[in-house]
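Residue numbers start from 1 in every chain, and the chains themselves are labelled A, B, ... in the order their sequence lines are given, proteins ahead of strands. These numbers come from the heavy atoms of this one structure, side chains and all, not from hydrogens, waters or symmetry mates.
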Protein chains: 2
Amino acid sequence: MIDQRLITLRVFARCGTIGATAELTGYSPSAVSAQLRELQRVLGMQLLTKDGRGVRLTATGRFLVAGSDTLIAEWENLRAAAMEAGDQVQSHFGLGGFSTAAAQLLAPLAAALRSTRPLLEVQVLEANPARCFDLLVAERIDLAVIVAMQSDTSVEDDPRFEQTILLDDPLDVIIPSDHPLASRETVTLEELASEPWITEAAGSTYHSLFVAAFTAVGVTPRIAHEAVEWETQIAFVGAGLGVGLLPRLAPLRSAENVVRLRITGKGKPARRIVAAVRRGSIASPLIQESLGILQVSANRILAARPEDDL
Amino acid sequence: MIDQRLITLRVFARCGTIGATAELTGYSPSAVSAQLRELQRVLGMQLLTKDGRGVRLTATGRFLVAGSDTLIAEWENLRAAAMEAGDQVQSHFGLGGFSTAAAQLLAPLAAALRSTRPLLEVQVLEANPARCFDLLVAERIDLAVIVAMQSDTSVEDDPRFEQTILLDDPLDVIIPSDHPLASRETVTLEELASEPWITEAAGSTYHSLFVAAFTAVGVTPRIAHEAVEWETQIAFVGAGLGVGLLPRLAPLRSAENVVRLRITGKGKPARRIVAAVRRGSIASPLIQESLGILQVSANRILAARPEDDL
DNA sequence: ATCAATCATGCACCTATTGTGCACGGTTAT
DNA sequence: ATAACCGTGCACAATAGGTGCATGATTGAT
């Protein structure tokens, strides 16, 4: 209901280039360029300036984008309230999520919605957390299930989003079956301080999480190898290249000669899984129902765990 | 920036029929019908119901319209703030007004704006007060100069508008030159209680004003004739058919054998001339400049009056 | 210093959204 | 019963808005 061109401007404000905006919104670069030019013409404001080979927002542009946050939230609020007041059904619902954990929550959600609301077309997009937020801004999706840094508070209070914690997914240690500690039930990170570690490349979400886990207990791990997929990491561990951290929700096929150990001690690293929606939309009946379903799934997962580490 | 279809819905909420909405927005009835249908489809809400040979808003529709007030105001706010922050110029500016009084204020405004902002295209629409408000809602105009009932508070605190008082235009009495009181400088309404009065038809803005003037002093006038235009009323008075009330700003050509007397006594009837804008837009530099110019014109008019009745 | 890569934009072309005009069906008032 | 009014559907037309490619400008790499 808010003009598409303003939405596009907001996406541009997030990613900085026309090309990225186009990719994110699903338009072509030409279309984005034209939209922004048209927006400036209609509003009679100069929002963009040439900057090197790209463009950047002017002060007016930044001002407008910043102020539009409350406008969007207000609209989402109104829409949600109207839907609730009128007991109406919406026709399209976009979900975003990343990683196996999110998938384990999103899949039952999509299935449940399909049964309770047959004529609602549910669309699921797999995307990493950062992109999920972009997709929310771009209004391509309405709800995202993402893994957040447990310590990271930067996105926590973003005026554009509202987030609800679903569950904390603890990290386990995986070591080769022939490792001296393989017969143990639990270990501490200190005990593995001198091991060669396997993690993802610096800059990734998981890497930050990895580092945070060790700094919490005052250990500096020696990073020996890098892997992107869980499967790869597990294979590395199985080959005896080192040890790694694996989220509880990531499945570990028994075939590969790797064992999984719980972490004890004061630092219990975990990744936090949260649901994020555009601010204001949280009162929508559809969002409410979805959050309920997600919470049920989350609780079922929690219930299946030993009571000492929830 | 707010979707045109929502604007159309808001206009419909004011006037109740598709046809009137079409006339007011400048679309054809088919287009309005299609827009509203499309709006319902996009939002997934049923906003309209068949009602006799027309349609009316559902509860959801009313809810949405009511809630959209703050949304519109928020946007106007944002736009105005951005314009101010970035020192930008807007390209189109719509003015609305009614009656000679408004015209006397709007003409200098339009002229002044044309000189200070050469590339701003100013458009003036003559329309009665009620229609002016409709045109503001429909976003056909951005500022209206209207005469308001001095007592009427119904529009006073409408969440859609913000109003600023420009001046109070006192009502004079006009009587035939050969009337016994014609040589007087001033009269009271009580002195004219038994005269045959000329006014506009019941239901009109002016009629309400007329009645209010008399009820204020506890007199019930005998309404003998009705006229729509000031010119007609003056002619009636000149022909000796009765007496009437004439706003100070309405010109009285000396040729017609009619004299104008000030009203004294505790009831000094006046019509209030106010400027109205969409709520939120009042901070816009263009609006601010316009209000300043209007105030100057108003002050010049006030300065030309005897000091006892401003 | 040249060359390749990146980015935004303009243009030609096309699609499809959106508006118009008219005819029609349903409803109310005379 | 008839006429007036109101909203809607349809065929058609206009135009806003999309894509894809070529171009120019700028930056970084060889």
Kindly give the atom pairs (protein nitrogen or oxygen, nucleotide nitrogen or oxygen) under 3.5 Å for nucleotides 18-24 of chain D.
residue : atom : partner : partner atom : Å
D:dG18  : OP1  : A:Gln35 : NE2          : 3.2
D:dT19  : OP2  : A:Ser28 : N            : 2.9
D:dT19  : OP2  : A:Ser28 : OG           : 2.6
D:dG20  : O6   : A:Ser30 : OG           : 2.9
D:dC21  : N4   : A:Ser30 : OG           : 3.4

- Task: To the nearest Å, give me how far apart CD (B:Gln40) and C1' (D:dT8) are.
- Result: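 So the two atoms are 13 Å apart, to the nearest Å.
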- A:Glu38 CD to D:dG17 C1': how many Å, rounded?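 My rounded result for the distance is 9 Å.
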Residues forming a side-chain contact (heavy atoms from CB on, under 4.5 Å) with [X], sequence neighbours excluded:
{"X": "A:Ala20", "result": "A:Cys15, A:Thr17"}
{"X": "A:Ala34", "result": "A:Arg37"}
{"X": "A:Ala80", "result": "A:Ala283, A:Ser284"}
{"X": "B:Gln123", "result": "B:His92, B:Leu125"}

- Task: Keeping to residues at least two apart or across chains, list the side chain to side chain donor-acceptor pair (under 3.5 Å) pairs with something in residues 130-141 of chain B.
- Result: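 As it turns out, the side chain to side chain donor-acceptor pair (under 3.5 Å) pairs with a partner in residues 130-141 of chain B, which skip direct neighbours, are B:Arg14-B:Asp134, B:Glu23-B:Arg131.
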- Item | Of all pairs that satisfy side chain to side chain donor-acceptor pair (under 3.5 Å), the ones with a partner from residues 67-79 of chain B, not counting sequence neighbours |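 Applying side chain to side chain donor-acceptor pair (under 3.5 Å) to every pair that reaches into residues 67-79 of chain B, excluding sequence neighbours, yields A:Thr70-B:Glu74, A:Glu74-B:Thr70, B:Arg10-B:Ser68, B:Arg10-B:Asp69, B:Glu76-B:Arg278.
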- Query: Is the shortest heavy-atom distance from the side chain of A:Ile7 to the side chain of A:Thr25 under 4.5 Å?
  - Reply: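 No, every pair of side-chain atoms sits at 4.5 Å or beyond.
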- Item | Watson-Crick or G-U stems of DNA chain D, 3 or more pairs, under 3.5 Å, by first number |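 Ordered by first number, the stems with DNA chain D (at least 3 consecutive pairs each) read C:1-30 with D:1-30.
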- Message: Going by salt bridge (charged side-chain N to carboxylate O under 4.0 Å, His left out), name the residues that satisfy it together with A:Arg222, two or more places apart in sequence or in a different chain.
- Response: none
- By ring-ring contact (aromatic ring centres under 6.0 Å, His included), A:Trp197 pairs with (sequence neighbours left out) A:Phe210, A:Phe214
- Item | Selection residues 46-56 of chain B - residue pairs positive for salt bridge (charged side-chain N to carboxylate O under 4.0 Å, His left out), sequence neighbours left out | B:Asp51-B:Arg56
- Would you grab the first and last nucleotide of DNA chain C (5' to 3') that comes under 4.0 Å of any non-hydrogen atom in chain B? C:dG19 to C:dT28
